[in-house]
Structure formats: C-alpha cells, structure tokens
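Input: a single structure, listed below in structure tokens.
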Amino acid sequence: MSHGALVGRALALLRQDDPSGALECANEVLESIRSDSPDKAAEISALCACVDAHVALGDATKALAKAEEASSLAKSLTTSFAEAAPSLAMVKVKLMASQESKEALALLREIGASWGETALLLALALRAAKEPAQARSLLERARRLQQRWQETFALLTLAVAALSKGSPAMAEIDKFLAVAKKHGLHIGDVDPASSVRRLQGSSTMEDMQEIHDRLSAAAKAGQRSAQAWATLDLADAKLGQGLMKVQELEDATTQLQKIGSKEGLAMAKFQASRSHLACGRPIEALADALVAAKNFKDLGDAVGEAAACSACALAHLELGQLPEAVSLASKAPQDLAERGLRRACADALRVASQVYLQLGEQERAMQVGLEAAAALRDVGDSRGEAFALLNEVASAYVFRKEVDSALNVASASLRLLRAAEDLPGELAALKATADLHLCRGDTEPALRLLQEVISLSHDSGDVSDEVDAHVSCARLRVLRCEAAEATLSAEAAVKAASTEMTEAKALLGMAKVLGAKEEMSAAREAAQKAAALFKQKGYCSGEFLALDLAWQCSAAEATKLAQQSAQAFHSSGDLCSAAKAQLSASRHALRARSADVATAAAEKALQIFRELKHTKGEAEALQSLSAAEAARGRPSSSIKAAVDMVALYTRRGDLRGQAEATCRLAKVYLDLGMLKDALSEVGEARLLFQKLPPQLEEAQLLLEVAIPTHGAMENPPKAVAMAEDAANICRSLGDRVGEAKAFKACAKVCVQKNDTKS
C-alpha cells in the first residue's frame with residue numbers, strides 16, 4: 001500500500017470509531033516514511049491522524065506530542081495543508097477538556113471533516129456562540145433528524161461559547177483561523193445556518209421544510225439578515241430542484257441590498273447566473289457569474305470565487321467558448337480540493353465532467369463524474385451522489401453508445417433516491433431512465449416508467465412532473481404511431497397544468513402532437529399560446545421551441561414570421577433572441593428559395609452575434625451565410641464564410657471547434673464540386689482530430705465527404721480505405737450503427753467497381 005492509501009485507511013478507521021486500528025495504520029506510515037523515502041506531506045498527514053486517534057482514546061499527552069511534531073515538520077513547507085493541518089491538530093488537543101468539545105471532535109471524525117471544512121465550522125461557531133440557547137435548540141433538532149453537519153456545528157458552538165477569551169484553546173482557534181483565512185477560507189457577514197447548509201448540500205423536501213422553518217422564525221423575530229439568507233437558500237433549493245426562475249431570488253436580492261450584505265449579494269449574483277443559464281440566457285449568466293467571481297475575490301472568499309468560476313465555465317460552454325470553459329472548469333476543483341472542501345469540490349467536478357463531455361473526452365468525463373459522486377457520498381449527500389451518477393456518469397455512457405451501462409447507473413441512482421425518500425429526485429430518475437430506454441427504441445418500458453411518474457406526481461401534487469410525464473407520453477405515443485392515445489396524453493397534460501409554466505409546457509406538447517397529425521393550424525395556435533406564456537415567464541429556450549413550431553407553415557410565411565419576431569426582440573433589447581430569430585428566417589428563406597433574403601438575415605444575425613461575443617451563434621450564422629451564398633450562385637462568398645468559421649476557432653485556440661469547422665469547409669467544397677479542395681480539407685481535419693481523443697465526427701467526415709469525393713474522382717481503393725477507417729473509429733467508440741454505415745458504404749463502393757468478393 002502507498003503512504004497515501006495507508007493514511008486514507010487510518011482516516012476511514014477513525015470514521016468507523018476504531019481509533020486503535022487507525023493509530024496502528026498511521027504508525028505504519030510513519031515507520032515506512034522514516035525508513036524508506038522521505039515524504040513530508042504524507043508524514044504530516046500520518047501525524048495528524050495519530051493526533052485524532054489519541055484524542056479519541058483520551059490520551060492528551062501523546063496527542064500533544066504528535067501535534068507538536070507535525071508543527072515542527074511543517075515549518076519547512078508552504079502548502080495550505082502543511083500550514084493548516086498541524087494548527088488544527090493543536091486546536092483539537094486543546095479542545096479535549098469539555099464534554100461538548102469531546103462530542104464535537106467525535107462528530108468531526110465521523111463526518112471526516114477536512115481542515116477546510118473544520119475551519120469554516122469553527123468560524124461559524126464563533127459567530128453563533130453569542131446565542132448558545134439557539135445552538136441548544138439546533139442541537140436537539142439536528143439529533144432528532146440525524147443531521148450530522150448541523151449537529152457538529154451546534155456542538156462546536158456550545159464548546160466555543162464555554163471558552164474564556166484568553167484560554168489556550170481560544171488562542172489556538174484564533175491561530176488556526178488566521179492560517180485558514182490566509183489560504184482563502186474567509187467567513188464574512190454570513191448567516192451560520194445558511195453556510196452550514198452549503199457545506200452539507202441538499203435540496204430535498206426535508207431541506208425545504210427546514211428553510212421554511214428558518215424563514216418563519218426569522219420573520220417573527222424581526223431578524224432581517226437571517227430572513228434574507230433563508231430566502232436566498234429557498235431560491236437555491238428551488239433552482240436545485242429544476243425550477244428555472246424563482247421569485248425568492250429577487251426578494252432575497254432586495255433584502256440583502258437593504259442590509260448591505262456584500263457576501264449575500266455576491267451569492268445572489270451566483271444564483272442569478274444559474275437561473276439565467278436554466279432559462280437559456282448564457283450571456284446574462286456569464287455576466288452575473290463574472291460579477292460574483294470578482295466580488296468573492298474582493299472579499300477574500302476563495303470558495304465562493306471557485307464556485308462562481310464553475311458557473312462561468314458553464315456559461316462559456318453554452319456560448320461555444322470551449323477553451324475558456326476548460327480552463328475554468330479544470331482549475332476550480334483543484335482550488336477547492338487543496339482546501340479540503342469536498343462538497344464544493346464535488347459541485348465543481350460535476351461542472352468539469354460536463355465540459356469534458358462536450359469536449360469529446362467521454363472517459364475523462366466519466367472518471368470526473370465518478371469522483372464527484374464519491375465526494376458527495378463521503379459528505380453524506382446521497383441526493384447529490386445520485387444526480388452526479390445520473391447526469392454526469394450516465395451521460396458519458398450514452399455518448400459512448402453504452403446505453404445498458406447508462407441504465408445500470410440510472411438504476412443505482414434511483415435506489416439511492418428511494419432510500420433517501422426523496423420523491424422529486426425519484427421522479428427525475430424515473431424520467432431519465434425512461435429517456436434511456438427510448439435511446440435504444442424500447443418504448444414499452446419507457447411508457448411504464450412514465451405512467452409511474454404520472455401516478456406518483458399526481459398523488460403528491462407535483463404538477464410540474466405530472467405535466468412533463470404526460471407530454472413525454474404523448475411524444476412516445478407519436479413515435480409508436482398511436483395518434484389517438486397521443487392526443488389523450490397531450491390533453492391530460494393541458495388539464496393537469498395549473499401554472500403559466502406548466503400550461504406552456506403542456507401547450508407545447510399539444511402543438512407537437514397536432515403537428516405530427518398534420519393539423520397545422522391548430523398546432524400553430526397552441527404553439528403561439530405556449531410561446532407567449534414562456535415569454536411571460538422569461539424562459540427564452542422554451543419560447544424559441546414554441547416559435548419554431550408556430551413557424552411550421554409555408555416557407556415564405558415562416559420567413560416573414562421569423563423576421564417579425566426578430567424585429568420585436570430587437571425593439572425590446574433582447575439582441576441574442578433577435579439574432580436567433582434572424583437565423584431561423586435565413587433557414588426558412590432558403591426553403592422558400594429566397595437566397596437573397598437568406599443572406600441578408602444571416603448577415604444580420606452574424607453582426608449581432610459578433611457584437612455579443614457569442615461564439616456558437618457566430619459559427620451558426622457563418623454556416624447559414626455559407627449555405628445562402630451557395631444558393632445565390634456565389635461560390636467564392638460561400639467558401640469565404642466557411643473559411644471564416646475555421647479562422648474563428650483557430651483564433652480562439654479551440655482545436656475541437658477548428659476540426660469541426662474544417663469538416664464543414666470540406667462539405668462546402670464537395671457541394672460545389674471542388675473535389676481536390678474537399679480532400680485537402682479532409683486531410684487537414686483528420687490531422688486536427690489526431691490531436692484529440694477519438695471522435696465520431698471524424699468518422700462522419702469520412703462517410704459524408706471523403707468516401708463520396710473519392711467515389712466521384714473514380715478512386716475506389718481510397719474510398720474503401722476511408723470506409724474501413726470510419727468503421728474502425730466507430731468500433732473503438734462502441735458505435736455499432738456508425739460501424740454498420742461504414743461497412744455499407746464500403747460495400748457500395750465495392751459493388752460500383754464490380755468487386756463482389758470484397
């Protein structure tokens with residue numbers, strides 16, 4: 001076993017209340033280090049584990065000796081852990097006197113609190129020590145509900161409250177917190193209950209009830225600060241349960257402004273970023289996340305800054321700005337891990353997993369997702385663990401075309417959520433599992449799961465999930481060509497809806513069903529109503545989905561409607577939506593064979609996206625412009641737009657974007673009959689793909705461009721070679737459908753050259 005593994009084993013034994021076994025493990029590490037290769041960091045970890053074991057065994061003398069040894073050894077190191085861990089060890093030795101302290105130290109061992117987590121708990125305890133009666137009340141409640149983090153905080157508060165100002169223990173606590181502050185663990189003007197909740201992390205119904213209780217108590221007592229923070233926590237919990245826009249966030253921001261809480265306003269900006277992103281507004285999300293990150297940095301709050309940087313990464317990802325997303329998403333977990341903040345680190349790891357998945361690094365995304373799940377399990381957040389498995393790990397399996405493995409992960413998530421009696425989480429897992437069954441065309445089990453969701457959500461009064469499930473059933477019935485049943489499901493969704501948002505979702509579902517039945521007039525009417533409701537609630541993504549359905553009419557009429565929407569968006573100051581509407585107008589104009597109109601709309605969209613620095617939008621506009629110019633019979637302009645797209649990603653240092661844009665340029669050359677140029681770009685794209693993990697896009701490039709080009713140039717051997725390369729790429733990524741397409745393309749080439757044996 002490595003030194004790190006042995007120390008980990010010692011810490012695990014401490015959590016299992018086996019201090020003797022932990023001491024044996026830690027001493028084994030010390031003997032190994034001192035007789036083998038010096039490893040000061042591991043030696044300090046082992047000495048601190050010895051301190052914890054001696055404290056648990058009640059041996060103050062030996063605990064003090066090990067703490068002093070760790071402090072002496074740390075003098076030659078400058079890392080945050082080397083400075084903080086020995087200082088914390090000394091605090092624990094000095095806190096062995098009272099019963100509350102002993103119980104608090106025992107719980108710190110049980111929850112495996114790191115030096116960073118303990119620093120935050122102690123700092124919060126110092127703030128709360130002025131009102132020990134509230135701590136006793138919290139202790140009683142926490143024990144009744146088995147909330148270990150809250151119980152630890154309450155015990156630490158009582159222990160600190162019992163200390164005299166100049167006591168040795170208080171002096172060591174002050175020294176330790178000074179070290180923690182030096183390394184970015186700063187507790188400013190925050191609410192202790194809110195901060196402990198963020199350490200533990202939860203958005204369950206029990207958590208919601210506790211927030212409501214805090215809010216009610218604060219309102220009755222006239223405690224404006226506690227009321228503002230509880231309101232902000234309520235917004236956070238609702239966003240965590242999937243709501244996109246919550247009134248509580250606006251209320252909390254107003255309250256925090258009145259009391260002048262800089263920490264609270266920074267946190268409110270961070271939550272606002274989450275809300276904007278959920279509503280499909282990445283530009284606003286990025287702006288708020290950047291403000292939050294700056295404010296946290298100014299306050300010396302490295303934890304808040306790292307969380308805000310993760311929010312920035314998600315916004316950059318949505319804007320198609322992968323280099324920035326990767327940089328921020330990679331850094332945040334490292335910053336938090338150095339401080340031992342497992343819960344915050346797990347959140348950052350989940351963001352990193354999403355970024356790596358979009359980068360095409362499925363294996364890395366899966367590993368990071370599993371790390372996040374393990375960290376959440378370690379802090380006792382079973383809900384967070386379940387969703388890390390469901391959203392990050394299962395998604396990575398789906399990208400790898402391993403749907404069976406994704407279903408196994410979803411089943412594990414469902415078991416965790418059911419064990420935690422988390423009904424909203426259970427419903428989310430059931431819906432996700434149904435979607436996974438649909439990925440492989442298994443409609444029957446998907447339908448059964450959705451019907452279970454409908455039953456559970458109806459019985460519990462969860463209108464949103466009930467409507468979502470009815471809409472999903474309607475979509476599934478359409479896939480099964482069951483028109484009458486699809487209509488009944490859509491009507492059930494409309495009937496169940498009781499809020500503007502659920503009504504909008506139900507109407508959108510009805511519009512899709514009516515469209516599938518080719519009842520276009522009724523479909524457009526339902527879609528227009530849905531779009532109006534989505535607009536009213538500020539849900540940009542939903543509004544555009546509805547508008548797209550409303551524009552399902554003749555190409556000329558759709559072009560006109562899209563242009564009218566673009567003008568309306570522009571007049572209201574919503575430039576991003578205006579650009580998106582212009583893109584839709586360009587595409588519909590191409591269908592109407594109005595190439596001049598298509599070009600003009602694409603150019604307007606391009607101008608706006610460039611002003612907004614919306615990379616993904618700019619690339620889409622260039623693609624539309626290239627297609628429009630080709631339709632106008634202007635090949636040089638079409639090529640220029642495609643080349644500009646490659647240049648866009650090259651300037652940004654986005655290798656994946658550059659490779660994909662080069663693929664599109666190759667297609668443009670092929671469509672224009674410029675075969676040698678097409679093959680040249682195929683070669684460029686393949687060189688770029690070689691610098692990335694295996695990508696399905698490379699196989700698609702070979703199938704859609706390289707093989708047809710070689711075929712047109714009457715070079716069957718090269719076409720066959722390209723087909724074999726495509727098959728190998730698909731096989732390595734587990735894409736059996738893609739592999740079959742490659743073999744089919746190969747067979748087609750062989751038939752064309754009369755090589756039936758091949």
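Expressed to the nearest 0.5 Å, how far CD of Q607 lies from CG of L612 amounts to 10.5 Å. Here the straight-line distance linking atom CG of L583 with atom NZ of K604 works out to 13.0 Å at 0.5 Å rounding. The CD atom of E318 sits 8.5 Å away from the CD atom of Q358 when rounded to the nearest 0.5 Å. Within the model, atoms CD of Q623 and CG of L606 stand 12.5 Å from one another, a figure rounded to the nearest 0.5 Å. With values rounded to the nearest 0.5 angstrom, R418 atom CZ is found 10.0 Å from L423 atom CG.
With hydrogens and angles ignored, the 3.5 Å screen pairs a side-chain donor or acceptor of S586 with a backbone N or O of A598. Without hydrogens or angle criteria, E361 side chain to V355 main chain gives no donor-acceptor distance under 3.5 Å. A side-chain donor-acceptor contact under 3.5 Å links S457 to the backbone of I454. Panel note: side chain S626, backbone L622; no donor-acceptor pair is recorded below 3.5 Å. Under the 3.5 Å distance criterion, the side-chain polar atoms of S565 are matched with a main-chain donor or acceptor of L561. A donor-acceptor pair is defined here as one N or O able to donate and one able to accept, closer than 3.5 Å; no such pair exists between the side chain of D442 and the backbone of P445. The main-chain N or O of V597 is never found under 3.5 Å from a side-chain atom of S594 such that the two would form a donor-acceptor pair. The closest donor-acceptor contact from the side chain of T254 to the backbone of E250 lies under 3.5 Å. Judged by distance alone, the side chain of S353 and the main-chain N or O of L349 form no donor-acceptor pair under 3.5 Å.
At least one side-chain heavy atom of F387 sits under 4.5 Å from a side-chain heavy atom of R350. You'll find the side chain of D233 reaches within 4.5 Å of the side chain of R197, heavy atoms only. Between E697 and R656 the shortest side-chain heavy-atom distance falls below 4.5 Å. Under the 4.5 Å side-chain criterion, counting only non-hydrogen atoms from C-beta, V409 is not in contact with L390. Side-chain contact between V494 and E503 is absent, with no heavy atoms from C-beta onward closer than 4.5 Å. Counting heavy atoms from C-beta on, the side chains of M501 and S464 never come closer than 4.5 Å. Counting heavy atoms from C-beta outward, C439 and D435 have side chains that stay 4.5 Å or more apart.
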Run the side chain to side chain donor-acceptor pair (under 3.5 Å) check on E248 and T231 step by step: do they pass? CA-CA 6 Å; E248 287 82 2; T231 306; over 6 Å; no

For T615 and D654, run side-chain contact (heavy atoms from CB on, under 4.5 Å): C-alpha distance rounded to whole Å, both residues' side-chain angles, the deciding distance at 0.1 Å, then the answer. CA-CA 11 Å; T615 307; D654 185 344; over 6 Å; no

Please walk me through it: do C576 and K580 pass side-chain contact (heavy atoms from CB on, under 4.5 Å)? CA-CA 6 Å; C576 188; K580 289 179 180 178; 3.9 Å; yes

Given the rule in the side-chain contact (heavy atoms from CB on, under 4.5 Å) test, do Y356 and V368 qualify, once you have shown the distances and angles that lead to the verdict? CA-CA 9 Å; Y356 295 142; V368 170; 3.8 Å; yes

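Listed by first and then second residue, the side chain to side chain donor-acceptor pair (under 3.5 Å) pairs involving residues 525-553 amount to none (not counting sequence neighbours).
Enclosure of atom CZ in R440 by more than 12 non-hydrogen atoms of other residues, nucleotides or ligands within 6.0 angstrom is indicated. Residue-environment remark: NZ (K269) stays at or below the threshold of 12 foreign heavy atoms within 6.0 Å.
Between the side chains of Q563 and Q582, no donor-acceptor pair is found at a separation under 3.5 Å. For the residue pair K517/T487, the side-chain donor-acceptor check at 3.5 Å is satisfied. Counting only N and O atoms by type, the side chains of Q321 and H316 include a donor and acceptor under 3.5 Å apart. Side-chain atoms of D251 and Q247 form a donor-acceptor pair, as typed in the model, at a separation below 3.5 Å. A donor-acceptor pair shorter than 3.5 Å cannot be found between the side chains of R477 and S489.
Closest of all the heavy-atom pairs between G369 and A388 is O-CB, 4.3 Å. Nearest heavy atom pair, residue V471 against residue K505, reads CG2-O, 3.8 Å. Smallest separation of non-hydrogen atoms from A434 and L449: N-CD1, 3.7 Å. When all heavy atoms of A490 and A474 are compared, the pair lying nearest together is N-CB, 3.9 Å.
Under the side-chain hydrogen bond (donor to acceptor under 3.5 Å, both in side chains) criterion, Q271 pairs with D236, R274, sequence neighbours left out. A search for side-chain hydrogen bond (donor to acceptor under 3.5 Å, both in side chains) contacts involving H458 returns E466, not counting sequence neighbours.
Here the options are S577, S571, S572, the test is side chain to side chain donor-acceptor pair (under 3.5 Å), and the partner is D574; only S577 passes.
Of the charged side-chain nitrogens involved, none lies within less than 4.0 Å of a carboxylate oxygen, so that K560 and E557 do not count as a salt-bridged pair.
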